[in-house]
Every structure is written in structure tokens, then in C-alpha cells.
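Working notes for the structure below.
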Amino acid sequence: LQAGHLSTARLADELAAIGAYLDMEKLRFEERLQLSWQIEPGLDDVKLPPMALQTLVENAVKHGVERSSGACQVKISARRIAGAVALSVANRGRIRDSSESTGLGLANTGKRLDLLFGSAASCELIEKEGWVMASIVLPQTSS
């Protein structure tokens, strides 16, 4: 709850909050929610807007797992790439045009990244080979 009062949060704290959220969702979806974590060591102190990664995870659950009749894989990763830090959340599925989705969460995340890091950061959503991938790229100086 305190994260909403800060301009940035540590990646380690965001991942802990996401873990607690996913523990609850695992109770709800049981075997339908298949999780995979790939977090590169040494990224604990990377700074990002509070709840930014959480938003991507919630979207994966809402638009992927909830809509899936069977098991749905969700992959969460954080790694260094070419002078930046890449965070991603991917789920099995497709991007659908939906009147239920406003796209506001992703748009707000992009705006918050722009306010903190300018053009050095980005947020995008793509579909590739049966996966929906939401990613955030942060400048390396944010760690």
C-alpha cells in the first residue's frame, strides 16, 4: 500500500508483491495458472514506477488465464539487455479486440515510464507465436 506514495519502487519489492498476488490467484485458478519466473540475479535495486510490473501481470491473468478453458502459462522475466533492463510478462493466448478492455493500464504504465525516464524507457504489447508479451524496458542507470 505504501508503494503508491513513492515515485519509484525497487524491483525486488515489486516481485514480492507480485508473488503474493499470484499466490492468491493460484488458489483461484489452481492448475490452470502455470507460472514460470526467470529473474536475472543482481536486479533487486532496479527502480520502476510502483505497480508497473504488477499491472502487466494482472493483465496476463485477466486476459489470458481467466479466458482460458485449460492451463495457461504465464512467464515473468527480468534481464539486462544492451545497456537496459527488460522486464516482461508473457501469457499463452492472443490479443483480442475486447469491449471489456480499455487499455488504460498499459497506457498509464507507458506514461509513468515516460515521466520518470523519458524516451530511455518503453512499454509495449505484442503477440508472437501464440504468446501475448507485455514488456517494459528501463535504462540501465535505473539500477
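Treat the numbers as computed from the prediction; the structure is a model and nothing was measured.
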Please check: side-chain N/O of [X] versus main-chain N/O of [Y], any donor-acceptor pairing under 3.5 Å?
X	Y	value
R80	A86	no
E124	S135	no
T109	G105	yes
R94	G130	no
R112	S7	no

Inset, instruction - Starting from V137, walk the hydrophobic network (Ile, Leu, Val, Met, Phe, Trp, Tyr; side-chain heavy atoms closer than 4.5 Å) and list everyone else you reach, by chain and number. - result: none
Inset, instruction - Using a strict 4.0 Å threshold on nitrogen-to-oxygen distance, state whether K26 and D23 make a salt bridge. - result: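 Looking at K26 and D23, the cut-off is not met.
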Could you tell me the separation between the [atom1] atom of [X] and the [atom2] atom of [Y], rounded to the nearest 0.5 Å?
X	Y	atom1	atom2	value
N108	T55	CG	OG1	8.5 Å
S77	L87	OG	CG	7.5 Å
Y21	E58	OH	CD	5.0 Å
Q73	L33	CD	CG	10.5 Å

Would a hydrophobic clustering, with Ile, Leu, Val, Met, Phe, Trp and Tyr connected at side-chain separations under 4.5 Å, put [X] with [Y]?
X	Y	result
L53	I126	no
L106	L115	no
W131	V74	no

Inset, instruction - For the pair K111 and D114, evaluate salt bridge (charged side-chain N to carboxylate O under 4.0 Å, His left out) and give the outcome as yes or no after the intermediate values. - result: CA-CA 5 Å; K111 288 177 185 176; D114 189 50; over 6 Å; no
Inset, instruction - Carefully, step by step, assess V65 and N91 under the rule side chain to side chain contact (heavy atoms under 4.5 Å, CB included). - result: CA-CA 8 Å; V65 181; N91 63 277; 5.8 Å; no
Inset, instruction - Answer yes or no: is there a side-chain heavy-atom contact under 4.5 Å between C72 and R32? - result: no
Inset, instruction - Check whether any side-chain heavy atom of P49 lies under 4.5 Å from a side-chain heavy atom of L116, and answer yes or no. - result: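 Heavy-atom side-chain distance check passes, below 4.5 Å.
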If every non-hydrogen atom of [X] is compared with every non-hydrogen atom of [Y], which pair is closest and at what distance?
X	Y	value
R92	E129	NH1-O, 3.4 Å
F29	E66	CZ-CG, 3.4 Å
T8	K47	OG1-CD, 3.8 Å
L27	E30	O-CG, 3.8 Å
C123	L113	CB-CD1, 3.7 Å
R10	D45	NE-OD1, 2.7 Å

Legend entry - side chain to side chain contact (heavy atoms under 4.5 Å, CB included) evaluation trace for L22 with V61: CA-CA 9 Å; L22 289 171; V61 171; 4.1 Å; yes
Inset, instruction - Return the set of residues passing salt bridge (Lys or Arg N to Asp or Glu O under 4.0 Å) with E25 (not counting sequence neighbours), or none when no residue passes. - result: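 By the salt bridge (Lys or Arg N to Asp or Glu O under 4.0 Å) rule, E25 matches R28.
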Legend entry - K128 vs M133, side chain to side chain contact (heavy atoms under 4.5 Å, CB included): CA-CA, chis, key distance, verdict: CA-CA 8 Å; K128 184 177 179 181; M133 294 176 277; 3.3 Å; yes
Inset, instruction - Please test E14 against L48 for side chain to side chain contact (heavy atoms under 4.5 Å, CB included), starting from the C-alpha separation and ending with a verdict. - result: CA-CA 9 Å; E14 288 288 294; L48 69 158; 3.9 Å; yes
